[in-house]
Number of protein chains: 2
Amino acid sequence: MLGNPLSQTAFHVSSRGEYGMRLMVDLARHWGEGSVSLHTIAEGEDLPEAYLEQLVAALRKAGLVNGKRGAGGGYTLARAPGQITAGDVVRALEGPIEPQICTAEGEAVVNCIHEPDCGTRLVWLKLQTTIAKALDGMTLAELALGPGARRDQKRTGTQRLQAEGQGTRN
Amino acid sequence: MLGNPLSQTAFHVSSRGEYGMRLMVDLARHWGEGSVSLHTIAEGEDLPEAYLEQLVAALRKAGLVNGKRGAGGGYTLARAPGQITAGDVVRALEGPIEPQICTAEGEAVVNCIHEPDCGTRLVWLKLQTTIAKALDGMTLAELALGPGARRDQKRTGTQRLQAEGQGTRN
DNA sequence: TGGATTTCCGAGCATCCTGGTAGGAATTTT
DNA sequence: AAAATTCCTACCAGGATGCTCGGAAATCCA
């Protein structure tokens, strides 16, 4: 699969976010089954393995996955699928959610330099809040079940994933 | 003002969106007072005038502003400030809101090629809906009033903008 | 009529970001 | 020892970003 440039669209998520999310959902589906190698994931999702290495490095540094070297090694989620949100994944791969610098997450409010009563800041601020809330409200456990909570999915798998999602949900 | 590269942040709005939004809010604040020249706006907002020309061209093609040539000419909003949303502005300048190609606005749902029950699509779809709703829910009339609906703003201006916002709001 | 002003239009350009590839070192299992 | 796999760093081509520049066309005023 080659990347999708898809020029000139607003709020486009780069391949880092897209590939990384698929990787994490894949890991969630194999939760409890031991390590999964990048090679397996790359083949299953039809993604460039060497590129995934870069992405998974970011995910590991963010504390979202654990790697295990050597034959039979691979990656596992660092927490249960119900404890990792889409927001966690996106932030690890694409940085903090901030439409504009004046709306940076977790920073003290710094007023715009040029216009103290900047009206446009409202837009970016609301946007940042909205996006963060949406992403932080979805866990890998939900995503791993697929859109329609497909009927032909293994019952055990479904039950396991849902059970893991019971923890500290909002 | 030089551009703000601000590398590695998710959902970052480019200078097109940022400058264009400020331009439109500026026009909203001068609604009913005749044309405003780009020169005036560029000076007031401290933005490169030649660059604004490109942006305003996109806004005109999208039917959001009208231009008037010649001495004393300039731009005016094509509709009342209450009838133009932040979503209109962003779409005109940065394209349709679509985190991923499989979530394109206004297109028939096309399933992902590689994974029919693609779980990750849920994320991007929810994101697209959420962002669009947030942006389409804010009008230039509201933005033109500024964050705190500042007390020292001219009463007449405030009243005029609010009155213009009464039309077909949701 | 002749400027002055201002929108309109297209080309060009340096820099940064995107989406990878390549090569090798370290670690673990067999 | 050999295979598998993570881990790490460097590199690179192409596209997007964020502008600048030069000029043509319209409009107003003296």
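A, B, ... follow the sequence lines: proteins, then strands. Residue 1 opens every chain.
Taking only distance into account, the side chain of B/Q54 never meets the base of D/dG18 through a donor-acceptor pair shorter than 3.5 Å.
The distance from atom NE2 of B/H12 to atom P of D/dA16 is 18 Å, rounded to the nearest whole Å. As a whole-Å value, the separation of B/L27 CG from C/dT7 C1' is 14 Å. Atom CG of A/L38 and atom P of D/dC7 are 9 Å apart (whole Å). The interatomic distance linking A/Y51 (OH) with D/dC8 (C1') rounds to 17 Å, in whole Å. Rounded to an integer number of Å, the gap from CG of B/L52 to C1' of C/dC8 is 15 Å. Atom CD1 of B/I41 and atom P of C/dT6 are 12 Å apart (whole Å). One atom, CZ of A/R22, and another, P of C/dG19, lie 13 Å apart when rounded to the nearest Å. The interatomic distance linking A/N66 (CG) with C/dT28 (P) rounds to 14 Å, in whole Å.
Using a 4.0 Å cut-off between a side-chain N of Lys or Arg and a carboxylate O of Asp or Glu, A/R79 and A/D88 qualify as a salt bridge.
Taking for each of A/G73 and A/A57 the nucleotide of DNA chain D with the nearest heavy atom, the 5'-most of the two is the partner of A/G73. Comparing A/A50 and A/G70 against DNA chain C, the residue whose closest nucleotide sits nearer the 5' end is A/A50.
Taking side-chain N and O atoms only, A/S15 has a distance below 4.0 Å to OP1 or OP2 of C/dG19. An OP1 or OP2 oxygen of C/dT18 is reached within less than 4.0 angstrom by no side-chain nitrogen or oxygen of A/R16. OP1 or OP2 of C/dC8 lies within a sub-4.0 Å distance of a side-chain N or O belonging to B/Y75. A close approach under 4.0 Å does not occur between any side-chain nitrogen or oxygen of B/S14 and OP1 or OP2 of D/dA16. Close to C/dG20, at under 4.0 Å from its OP1 or OP2, lies a side-chain N or O of A/Y19. Between A/K68 and D/dA4 there is no side-chain N or O to OP1 or OP2 distance below 4.0 Å. For D/dC8, neither phosphate oxygen OP1 nor OP2 lies less than 4.0 angstrom from any side-chain nitrogen or oxygen of A/R69.
Comparing C/dT7, D/dT6, D/dA3 by their nearest atom to the side chain of A/E53 picks out D/dT6. The B/R60 side chain lies nearest to C/dC9 when the options are C/dC9, C/dG19, D/dT6.
For the pair A/I84 and A/T139, the minimum side-chain heavy-atom distance is 4.5 Å or more. Contact check for B/F11 versus A/V13: side-chain heavy atoms found under the 4.5 Å cut-off.
Residues passing the salt bridge (charged side-chain N to carboxylate O under 4.0 Å, His left out) test with B/R16, sequence neighbours excluded: none.
Checked by atom type and distance alone, the side chain of B/T129 pairs as donor or acceptor with a backbone atom of B/L125 at under 3.5 Å.
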